[in-house]
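A short worksheet on the structure shown next.
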2 protein chains.
Amino acid sequence: MPSLKIYLAGPEVFHAEAVALGRAKQALCAAFGFEGLYPLDGAAPGDGLSPQEAGVAIFRANIALIREADAVIANLSPFRGPGADAGTVFEVGFALGRGKPVLGYRNVIDGYRDRVAAWNGAPLGKDAEGRPVDRDGLLVEEFGFGDNLMIDAALIEGRVPVVTHAAPAGAAMTDLSAFSACLLRLRDLLAPG
Amino acid sequence: MPSLKIYLAGPEVFHAEAVALGRAKQALCAAFGFEGLYPLDGAAPGDGLSPQEAGVAIFRANIALIREADAVIANLSPFRGPGADAGTVFEVGFALGRGKPVLGYRNVIDGYRDRVAAWNGAPLGKDAEGRPVDRDGLLVEEFGFGDNLMIDAALIEGRVPVVTHAAPAGAAMTDLSAFSACLLRLRDLLAPG
């Protein structure tokens, strides 16, 4: 039986050790009997392309890998702000739209509200109904999730809620313990019977 | 012939005038012969639910609206950081995964790289290959797009690139001129022949 293919979504493609991180994730996949499909957004997709053409080529390559995959495991750790990387979130949505199982992990354990408060740089305000608002006056979700509700609720609906882990500072892209936990959960989810 | 239904994705659901903004978008849709489907993430989905259950209920309601929609128009303006709102990006990915046309607008005209540089709080660094990196040492994309390549390339592939507009400061959630431009482009895209 061919191995099930897992698309490895996450912003570690932007890390200096992106290639090695991909190999490490693929090795962990193999240990569970899966094949890991790893994107590499920083790779040069070909000579003679304009930057935008190169970007479109990487988009097409990533979409082709997701279409080929049987499931997705996403690194949903915060990236340049209080929430997950936009490219990863796009891929999670796309895969769920295609009906594929998606699991995810977050290498921090605090809630989205607390992370927005830290980003805000000042205590959150309150709207006319007493609900928390950020410095732009925009409502802050209070569902007890670790990110925007569309992400966390999607994974709850998929039967494996986001796996959270308190990684050491600076290790959100490199700590693979929660990723390994996702592989274990995925093996259980896909197990017959 | 029944009106085509447009799902109205965007972080204006978190704005104090969220309900009025939804009505204004729906009125513009109607002027083009479309029906606008507007989510309202801040709405209480029912009594007696825990916060997380309420979040899951809103997720289900939004997904049902996207499934019902014939197309999506997304407000991709920056939200709590250099890039678009995660919930909106999730919905864009989901709709594209379902094969639905997605258009989008961004109420700023600067590039993603410049916005990351502003967020960074210090000049961007360089990696060993001379490519720009942020304060966490993570590579900054240089494709000339206004956000993560998965978002902007997806819309290029969909034949209507992100519509950008220099809205006045503080009006990224309320300025609907680029949204109106998307309606015009969508009408052209869907026109027979």
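Each chain gets a letter, A, B and so on, in the order the sequences are listed, and its residues count up from 1. Side chains are part of it too, since the values below use all heavy atoms of this structure and drop only hydrogens, waters and symmetry mates.
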message: Using side-chain heavy atoms (C-beta onward) and a distance below 4.5 Å, is B:F94 in contact with A:V92?
response: no
Requested in this report: Examine distances only and state if a side-chain atom of B:Q52 and a backbone atom of A:F145 form a donor-acceptor pair shorter than 3.5 Å.
Outcome: no
The interface call for B:A86 against chain A, heavy-atom contacts under 4.5 Å, is both
Please indicate whether A:R135 has more than 12 foreign heavy atoms, meaning atoms of other residues, nucleotides or ligands, lying under 6.0 Å from its CZ. yes
CD1 of A:I151 to CZ of B:F90, rounded to nearest 0.5 Å, is 8.0 Å
Whatever's closer than 4.5 Å to a heavy atom in chain A on B:I156 counts as side chain
Residue from A:G144, A:S50, A:G97 scoring the most non-hydrogen pairs under 4.5 Å with chain B is A:G97
Highest number of heavy-atom pairs under 4.5 Å with chain A among B:R67, B:R98, B:K100, B:E12 belongs to B:R98
Taken in chain and number order and not counting sequence neighbours, the residues that satisfy side chain to side chain contact (heavy atoms under 4.5 Å, CB included) with A:L176 are A:A24, A:K25, A:L28, A:Y105, A:F179
Smallest heavy-atom separation, A:A153 atom then B:G55 atom, equals CB-O, 4.1 Å
So CD of B:E157 and CD1 of A:I63: to nearest 0.5 Å the spacing works out to 9.0 Å
So, the part of B:R60 with a heavy atom under 4.5 Å from chain A: the answer is side chain
For residues 107-122 of chain B against chain A, heavy atoms under 4.5 Å, the residues are B:Y112, B:V116, B:W119
*asked:* Would A:F143 and B:V56 count as a side-chain contact (heavy atoms from CB on, under 4.5 Å) here? Give the steps.
replied: CA-CA 9 Å; A:F143 299 111; B:V56 170; over 6 Å; no
Item checked: ILVMFWY network linking A:L183 to A:L103, side-chain heavy atoms under 4.5 angstrom -> yes
Determine whether A:L124 and A:V133 fall in the same hydrophobic cluster, where Ile, Leu, Val, Met, Phe, Trp and Tyr are linked whenever their side-chain heavy atoms lie under 4.5 Å apart. no
Any side-chain heavy-atom pair of B:R80 and A:V140 under 4.5 Å: yes
* Count the heavy atoms belonging to other residues, nucleotides or ligands that lie under 6.0 Å from CD of A:E17, then report whether that count exceeds 12. => no
Which of A:L139, A:D136, A:D134, A:D127 passes side chain to side chain contact (heavy atoms under 4.5 Å, CB included) with B:F14? Answer is A:L139
Turns out that what part of B:A154 lies under 4.5 Å from chain A's heavy atoms comes down to both
Point to revise | Min side-chain heavy-atom separation A:F59-B:M150 under 4.5 Å | key: yes
Would you say A:E91 and B:V89 make side-chain contact, with heavy atoms under 4.5 Å? no
